[in-house]
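Beneath this line is the structure, given in structure tokens, with notes to follow.
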Amino acid sequence: MIKHIVVWRLKDEALGAGKEENLERAKAAIESLRESVPQVRHLEVGVDIRADHDPSDLAIYSEFDSVEDLQAYQVHPEHVRVAQLIGEMRETRAVVDYEI
């Protein structure tokens, strides 16, 4: 099984909206991938709840059966669409993929 974790820090403003609105927009877009990408076995999306540290704002935790399934997810048109959307909103991004 492959675990795929991504965290982002969003810009204060992007795409004509503030960070809070974009967080909700990004969260909804990522959550839509559960239904549209068949390789996704599990997917969680969370918005950071603490403002008293230097946070990332948004995180995704997802699971795939194999590296090939993760690769298929990454090139799936819906994932590409969501990645482009978030790319316009983000300041930073960090990713880790590991196998268990």
Any side-chain heavy atom of Leu43 sitting closer than 4.5 Å to one from Tyr61?
no
Sort out for me which residue in His42, Lys3, His4 forms a side-chain hydrogen bond (donor to acceptor under 3.5 Å, both in side chains) with Glu63.
Lys3
Are the side chain of Asn22 and the backbone of Leu10 linked by a donor-acceptor contact shorter than 3.5 Å?
no
Below 4.0 angstrom, N of the basic side chain to O of the carboxylate: do Arg9 and Asp57 qualify?
no
Check whether any side-chain heavy atom of Val6 sits under 4.5 Å from a side-chain heavy atom of Arg93, and report yes or no.
yes
Hphob cluster co-occupancy, Leu15 + Val47, side-chain heavy atoms under 4.5 angstrom
yes
Does Ser36 offer a backbone N or O that forms a donor-acceptor pair with the side chain of His79 under 3.5 Å?
no
If Ile, Leu, Val, Met, Phe, Trp and Tyr residues are connected whenever their side-chain heavy atoms lie under 4.5 Å apart, and connections chain through other members, are Val7 and Leu23 in the same group?
no
So which heavy atom on Pro55 is nearest to which on Asp48, and how close?
CB-OD2, 3.4 Å
So Gln39 and Leu70, do their side chains get closer than 4.5 Å, heavy atoms only?
no
Any side-chain heavy-atom pair of Leu85 and Arg25 under 4.5 Å:
yes
Parallel, tilted or perpendicular: which fits the ring planes of Tyr73 and Phe64, with parallel below 30° and perpendicular above 60°?
tilted
Are Leu33 and Ile5 connected, step by step, through hydrophobic side chains (Ile, Leu, Val, Met, Phe, Trp, Tyr) whose heavy atoms are closer than 4.5 Å?
no
Could you state the interatomic distance from NZ (Lys19) to NZ (Lys11), rounded to the nearest 0.5 Å?
12.0 Å
Is there a chain of hydrophobic side chains (I, L, V, M, F, W, Y, each step under 4.5 Å between heavy atoms) that links Val95 to Val67?
yes
Within a strict 4.5 Å, meaning less than it, do heavy atoms of the Arg81 and Ser32 side chains meet?
yes
If hydrophobic clusters are built by linking Ile, Leu, Val, Met, Phe, Trp and Tyr wherever their side-chain heavy atoms come under 4.5 Å apart, do Ile60 and Val96 end up in the same one?
no
Taking the side chain as every heavy atom from C-beta outward, state whether Leu58 and Ile30 have any pair of such atoms under 4.5 Å apart.
yes
